[in-house]
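First comes the structure, then the notes that go with it.
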Amino acid sequence: MSTKGKIGVTTENIFPVIKQFLYSDKEVFLRELVANAVDATKKLQILSSNGDFAGELGDLKVEVILDEKAKTLKIVDRGIGMTEEEIDRYINQIAFSSAGEFLAKYKDQNIIGHFGLGFYSAFMVSKKVTIESLSWQDGAKAVKWECEGNPEFTMEDCGKSDRGTVVTLYIDDDDKEYAEKGRIASLLGKYCKFMPVPVVFGKKTEWKDGKEVETAEDNVVNSIEPIWTKAPSELKDEDYLKFYRALYPMEEEPMFWIHLNVDYPFTLTGILYFPKIKERMAIDKNKIQLYCNQMFVTDHVDNIVPDFLTLLHGVIDSPDIPLNVSRSYLQSDANVKKISTYITKKVADRLEEIFREQRSEYESKWDNIKLFIEYGMLTDEKFCERGLGFALFKNTDGKYFSFEDYRKAIETEQTDKDKKVVYLYASDPEAQYSQIEAAKNKGYDVLLMDCEVDAHFANLLEQKLKDARFARVDSDAVENLIPKADKVKPEMADDDRKALQDIFKEALPEGSDWWVEPENLGEDSAPVLITQSEFMRRYAEMSKLGGGMNFYGEMPASYNVKVNMENPLIAKIWESRKKVVDKPAGTDAEGKEIKEESHSTAGKQKLLHQVIDLALLANGMLKGKALAEFIARSESLLK
């Protein structure tokens, strides 16, 4: 018996809509068809275990068969199959009154695995699709359904004798890539490697007599065991490491991992790994794979986990995450928010556990997880509150401290006149070596804060830690970093102060803002110190990573030039400023007398440039021509 008809009611434009609406995800057709085949197989297993099906199960693999010459692709299963009535109900009666209703009904729903629409994704790459099916039910007749990508179909009896379903795609000429073995193998590896029923694509091959030949052994696509479906008590460390190697064969072994397993108020399983971050700016995101009942959905999980958790690797599997049909984008609904909160809590629990119970191991891994934890504390308030208890400080001697322990260690020596505990830090121990040593000589401790986000992190900690202030060791003279009393400024008349500023600004390089100020730093301290305000420098650094502070990043570099009036060299330079010998040397164009500086005054000018260049050199700011002149001047001063 043969039946002809139209699909649904008023569906003339349903196929163009499907093609357009699903266009960017064309390749998911294979995932959908294999998922349907797996679903039919699992249902048969359930019927058998419940005693509803008493027949022989046989080999319950799903086969994907490609004929590259004929450009056909078959998906074959030995599951429950379908009767003519079921095909009519599931395939023909889509019952969309219009393309608009189609979009309205399905655009926000979880239709992955929805047989009707999942099946119709086949038409994105096919000019014709056939279904041949024999139901598991006693007395069922085999039936064949055929459609050429328009609302008209034919359905008739066929000679299929074994239980299950065969879906055959006649690949469209415009999509011939899906008739290539390599492309299909790649898609099966991407979407089907953890499906719960064996998925077979051809035979395994071996190298024989100088060529690759097929063996008799099935090529099972999903041979890797999805260990997240097991209870943690059933797994050993080696199981987790082996699974990681299978997922990321080119990566170093992870530092540790978290096994997720919850079934209320939502269902979620998975394993998240903490990777080693070798170069902090070369961070690999999008390494968490999202699955729905062991079927791959996406590796873009931005909307299901907080941004900082996308630095992790691993697998999340949940049937309770809503998916968008066209791009498998995650929707922001209540379940997703609960899942995100749960994952964040589990990550914090695990870090806290290692911090508390395996402290030495935790410290040994801190340099690799520091960026992850700091980024998490900066971007997630709840994680931040937890992180204050397990984050670490590392000082320039390589010692690690909890926040609480470090405060106890420094608060006696490093509390300033305003009762604030000052946390000194360095971002480059080599470049800031002299400042670090100067701070240590005064009995201070210096933290190492060399992470890209540390400018933001210092800001955060000033808000979270009570009466705390952070200062980089080169942000001021060491005497001023932790002021114990009000500073005593040199007594200078306004004219003298302006004259001092003019003398030094004239000798300083152009291109930056220089703020010259006299200081009493002691006769043994450097004659000139060049520093940058902690506030200005930190906010300029923060602007580089965004956060609405571009104003600071666009401002010219600004430096404080501290002239140590108690230094003997500065005293010489300052005293010589008015000692110009009145020696006529001619007149200028207006007839005014030109005076020459004495040899002694010229020497003082050299000295001025020398002390300035030494300060610039100490800050790594003396380069090119200026550096060459400094070297030449240094040699002449030594003669």
Side-chain angles (χ1 to χ4, degrees), residues 366-367 370 391-451 454-455 457-462 465-489 515 517 519-541 559-567 611 614-621:
W366 175 253
D367 291 351
K370 169 184 164 74
L392 297 179
F393 282 135
K394 178 184 179 181
N395 71 8
T396 51
D397 294 326
K399 294 179 181 177
Y400 296 89
F401 304 83
S402 69
F403 287 0
E404 184 180 357
D405 290 343
Y406 191 73
R407 188 182 184 96
K408 288 176 182 176
I410 67 166
E411 60 185 346
T412 301
E413 292 294 329
Q414 293 180 213
T415 299
D416 68 11
K417 65 185 179 64
D418 298 319
K419 306 302 180 188
K420 293 217 175 215
V421 178
V422 182
Y423 294 73
L424 299 180
Y425 69 94
S427 57
D428 186 337
E430 193 170 329
Q432 294 151 10
Y433 176 81
S434 60
Q435 291 95 335
I436 293 169
E437 289 304 303
K440 286 182 177 180
N441 289 338
K442 288 189 73 71
Y444 300 154
D445 192 76
V446 181
L447 294 172
L448 178 62
M449 297 183 73
D450 59 349
C451 184
D454 272 334
F457 196 58
N459 238 39
L460 175 74
L461 293 181
E462 286 178 337
L465 303 178
K466 184 181 178 183
D467 295 328
R469 178 169 65 83
F470 282 72
R472 204 167 81 177
V473 285
D474 59 350
S475 63
D476 208 329
V478 68
E479 294 81 4
N480 299 335
L481 288 172
I482 307 175
K484 304 291 185 177
D486 291 334
K487 280 199 297 185
V488 178
K489 288 277 188 180
W515 299 90
E517 49 186 318
E519 292 269 6
N520 287 330
L521 301 176
E523 63 180 28
D524 294 328
S525 293
V528 176
L529 282 176
I530 295 176
T531 64
Q532 257 190 309
S533 153
E534 174 72 20
F535 174 85
M536 294 298 291
R537 192 213 72 253
R538 191 194 299 177
Y539 277 80
E541 289 175 357
Y559 298 94
N560 298 318
V561 181
K562 296 178 182 293
V563 182
N564 182 8
M565 303 305 291
E566 294 179 328
N567 183 279
V611 295
L614 282 169
L616 291 167
L617 188 65
N619 284 270
M621 299 167 68

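Note that the coordinates shown come from a computational prediction; the quantities given were computed from them, not determined experimentally.
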So, Q414 side chain and Y444 main chain: donor-acceptor pair closer than 3.5 Å or not? no

Should V528 and L614 be marked as a side-chain contact (heavy atoms from CB on, under 4.5 Å) after you check the CA-CA gap, both sets of side-chain angles, and the distance that decides it? CA-CA 8 Å; V528 176; L614 282 169; over 6 Å; no

To the nearest 0.5 Å, what is the distance between CD1 on I410 and CZ on R407? 7.5 Å

Taking ring pair (Phe, Tyr, Trp, His ring centres under 6.0 Å) as the definition, give me every residue that meets it alongside F393, ordered by chain and number, with sequence neighbours left out. F403, Y406, Y423

Applying ring pair (Phe, Tyr, Trp, His ring centres under 6.0 Å), can you list everything that pairs with F457, at least two apart in sequence or on another chain? none

How about CD on E404, more than 12 heavy atoms from neighbouring residues, nucleotides or ligands closer than 6.0 Å, or not? no

Could you check whether any side-chain heavy atom of E479 comes within less than 4.5 Å of a side-chain heavy atom of E519, counting everything from C-beta outward? no

Which pairs count as salt bridge (charged side-chain N to carboxylate O under 4.0 Å, His left out) when at least one residue sits in residues 412-424, sequence neighbours excluded? D416-R469, K417-D486

Can you name the residues that form a side chain to side chain contact (heavy atoms under 4.5 Å, CB included) with N564, not counting sequence neighbours? L521, S525, E566, N567

To the closest 0.5 Å, what do you measure between CZ (R472) and CD1 (I436)? 10.5 Å

Under the side chain to side chain contact (heavy atoms under 4.5 Å, CB included) test, residues paired with A455 that sit two or more places apart: R538, E541, M542

Indicate the atoms forming the closest heavy-atom contact of K489 with N520, along with that distance. C-ND2, 3.9 Å

Please check if atom NZ in K484 has more than 12 non-hydrogen atoms from other residues, nucleotides or ligands closer than 6.0 Å. yes

Side chain to side chain contact (heavy atoms under 4.5 Å, CB included) against S434, all qualifying residues, sequence neighbours excluded: none

Salt bridge present between D454 and K370 (N-O < 4.0 angstrom): yes

Contacts satisfying salt bridge (charged side-chain N to carboxylate O under 4.0 Å, His left out) that involve residues 421-448 (not counting sequence neighbours) are D397-K440

Pairing residues for D405 by the side chain to side chain contact (heavy atoms under 4.5 Å, CB included) criterion, not counting sequence neighbours: R359, S402

Residues A439 and V446: closest non-hydrogen pair is CB-CG2, 3.9 Å

Could you pull out the closest heavy-atom pair between V473 and A426, with the gap in Å? CG2-CB, 4.1 Å

Report the residues that fulfil side-chain hydrogen bond (donor to acceptor under 3.5 Å, both in side chains) with Y400, sequence neighbours left out, ordered by chain and then residue number. D367

Close side-chain approach of E411 and D467, heavy atoms under 4.5 Å: no

Nearest 0.5 Å please: distance from the OG1 atom of T531 over to the CG atom of D476. 5.0 Å

What's the spacing between D474 CG and Q435 CD if we round to 0.5 Å? 5.0 Å

Closest non-hydrogen atoms of L529 and A477, given as atom of the first, atom of the second and distance, are CD1-CB, 3.4 Å

Taking side-chain hydrogen bond (donor to acceptor under 3.5 Å, both in side chains) as the definition, give me every residue that meets it alongside N619, ordered by chain and number, with sequence neighbours left out. none

Could you tell me the separation between the OG1 atom of T396 and the CG atom of L447, rounded to the nearest 0.5 Å? 8.0 Å

Are L481 and V422 close enough that some pair of their side-chain heavy atoms sits under 4.5 Å apart? no

Closest approach of V611 and P527, non-hydrogen atoms and distance? CG1-CG, 3.9 Å

